[in-house]
Amino acid sequence: MRDVLLYVCLFCFLLLGLTGCQESYPASTEASPALEMDIHLEADEFLITFMDLPDGEATLLQSGAGENVLINTGGQRSRPKLEESLQAFDVYAIDALVLTNEDEAYTANTDWLSAQYGIDTIIGSRKSSEMIADRFPALSSKVIYWEEGKVNFPAIGMETEVLFAGEDEEGALVLKFSYGRESLLYMGTAKEEVEEALTDHPRIKSTFLKVGDFGSHFGANLMFLDHVDPQIAIVFLLGGDRADKGLLERLNDAGLMCIKLASTALSLLNGAKKKMNGSH
């Protein structure tokens with residue numbers, strides 16, 4: 001466990017120059033030089049990539065079996081960078097799209113992605129799946145919903161549990177992805193009442209925490225962080241915004257290493273090291 005976690009943390013440090021939870025600058029909306037990633041995953045390995053986008057959030061899950069699953073689509077202005085990032089990771093087909101919130105910052109590119117990458121399955125909460133079917137009628141036959149509990153996930157070997165499936169205006173999902181002893185808690189919302197409810201969940205503890213609501217002052221309160229007990233926090237930024245200072249202070253007080261995107265890759269491994277080279 002310690003060897004695997006050390007490798008993951010070191011990998012993040014080398015990619016990001018990671019120093020802790022401090023104020024960061026927003027992602028550029030300008031085109032960047034072409035990035036090519038030389039990725040070699042073994043059959044029992046997974047790669048999770050948190051993408052740096054100018055508007056909204058998107059996260060890519062890849063398995064050694066060649067499966068690609070995308071969580072959220074980014075906002076409308078993010079389409080060029082999203083396409084560039086997917087190409088860099090050799091993604092030309094996507095097996096499934098998971099939407100953790102119905103806001104456009106998470107869903108705006110759903111129809112384009114479905115057409116461009118041949119997505120057959122689009123997953124949300126009951127509330128968000130209804131919204132997607134209404135907003136994109138041509139995709140209604142592809143839309144399914146998850147309820148709370150363990151679910152079948154397109155990536156073989158990745159245990160997935162829905163800890164929260166909202167019925168409010170966000171239609172948010174809170175997901176936990178587990179592989180071996182490593183786990184990622186993926187927050188689709190930063191609402192205080194959701195975090196309070198989750199503190200009593202018997203399987204809330206996670207190695208990594210993707211913070212909800214784009215680094216706003218909501219969410220990630222100290223009691224919640226104490227129960228989750230993550231070692232690394234990932235914070236997406238929205239548009240020209242910076243992460244809230246109060247949020248960063250809470251993450252610092254909890255002793256977390258904090259990733260504020262810049263394009264980032266975390267690898268959940270089963271003890272094996274892997275080769276990953278990036279070049280411009």
Side-chain angles (χ1 to χ4, degrees), residues 48-51 53-63 65-87 89 91-156 158-177 184 186-191 194 210 212-214 236 238-239:
I48 300 179
T49 305
F50 302 91
M51 296 182 177
L53 300 176
D55 180 28
E57 71 169 59
T59 299
L60 177 66
L61 278 67
Q62 295 177 282
S63 76
E67 298 147 321
N68 299 306
V69 175
L70 191 66
I71 306 175
N72 300 320
T73 78
Q76 194 68 41
R77 292 190 301 113
S78 292
R79 184 179 297 182
K81 273 207 167 183
L82 178 59
E83 184 173 20
E84 175 187 293
S85 297
L86 291 172
Q87 182 176 355
F89 284 88
V91 176
Y92 301 99
I94 295 173
D95 297 280
L97 173 64
V98 182
L99 302 173
T100 64
N101 192 298
E102 69 174 48
D103 187 85
E104 289 196 356
Y106 305 82
T107 63
N109 295 305
T110 298
D111 54 344
W112 170 75
L113 283 164
S114 179
Q116 187 78 4
Y117 294 90
I119 298 173
D120 290 327
T121 305
I122 301 171
I123 304 165
S125 66
R126 184 191 296 267
K127 176 69 166 56
S128 65
S129 65
E130 292 172 355
M131 178 277 299
I132 291 298
D134 289 342
R135 187 184 298 176
F136 308 111
L139 304 181
S140 59
S141 63
K142 301 181 178 183
V143 178
I144 65 173
Y145 64 86
W146 279 345
E147 296 181 322
E148 294 177 12
K150 292 185 178 180
V151 294
N152 292 324
F153 193 59
I156 298 173
M158 177 77 77
E159 182 177 297
T160 305
E161 185 171 5
V162 180
L163 303 189
F164 175 81
E167 295 294 335
D168 60 6
E169 69 277 3
E170 290 182 335
L173 288 174
V174 174
L175 306 173
K176 182 175 180 179
F177 301 105
L184 166 66
Y186 204 101
M187 298 293 294
T189 181
K191 287 189 173 181
V194 175
K210 199 287 290 182
D213 201 21
F214 300 105
F236 282 92
L238 182 62

Would you say that [X] contacts [Y] through its side chain, given a criterion of any heavy-atom pair below 4.5 Å between the two side chains?
X    : Y    : value
D111 : L139 : yes
E159 : K176 : no
V98  : N72  : no
M51  : T59  : no
T110 : L97  : yes
D213 : T189 : no
L99  : I123 : no
Y117 : L86  : yes

Evaluate W112 against T73 for side-chain contact (heavy atoms from CB on, under 4.5 Å), listing each step before the verdict.
CA-CA 10 Å; W112 170 75; T73 78; over 6 Å; no
Any chance you could measure [X], atom [atom1], to [Y], atom [atom2], to the nearest 0.5 Å?
X    : Y    : atom1 : atom2 : value
M131 : E170 : CE    : CD    : 11.5 Å
E130 : Y145 : CD    : OH    : 8.5 Å
S85  : L60  : OG    : CG    : 9.0 Å
R79  : E84  : CZ    : CD    : 15.0 Å
N101 : I71  : CG    : CD1   : 13.5 Å
I144 : I122 : CD1   : CD1   : 10.0 Å

Nearest atoms (heavy-atom pairs only) where [X] meets [Y]:
X    : Y    : value
V143 : S129 : CG1-CB, 3.3 Å
F89  : Q62  : O-NE2, 3.2 Å
L173 : G124 : CD1-C, 3.8 Å
P54  : K81  : CD-CD, 3.8 Å
A58  : L82  : CB-CD1, 4.1 Å
I94  : L113 : CD1-CD2, 4.3 Å

Apply the test side-chain contact (heavy atoms from CB on, under 4.5 Å) to residues L175 and L163: give CA-CA distance (whole Å), side-chain angles for both, the deciding distance (0.1 Å), then the verdict.
CA-CA 6 Å; L175 306 173; L163 303 189; over 6 Å; no
Set out, in order, the CA-CA distance, both residues' side-chain angles and the distance that settles side chain to side chain donor-acceptor pair (under 3.5 Å) for S128 and S125, then state yes or no.
CA-CA 5 Å; S128 65; S125 66; 3.2 Å; yes
Would you confirm whether [X], through its side chain, and [Y], through its main-chain N or O, come within 3.5 Å as a donor-acceptor pair?
X    : Y    : value
K142 : I119 : yes
D95  : N68  : yes
T160 : V151 : no
S63  : E67  : yes

Between Y106 and F236, does the ring centre distance come in under 6.0 Å?
no
Would you please test F164 and M187 for side-chain contact (heavy atoms from CB on, under 4.5 Å) and show each step?
CA-CA 9 Å; F164 175 81; M187 298 293 294; over 6 Å; no
For R135, is there an ion pair with E102 - N to carboxylate O distance below 4.0 angstrom?
no
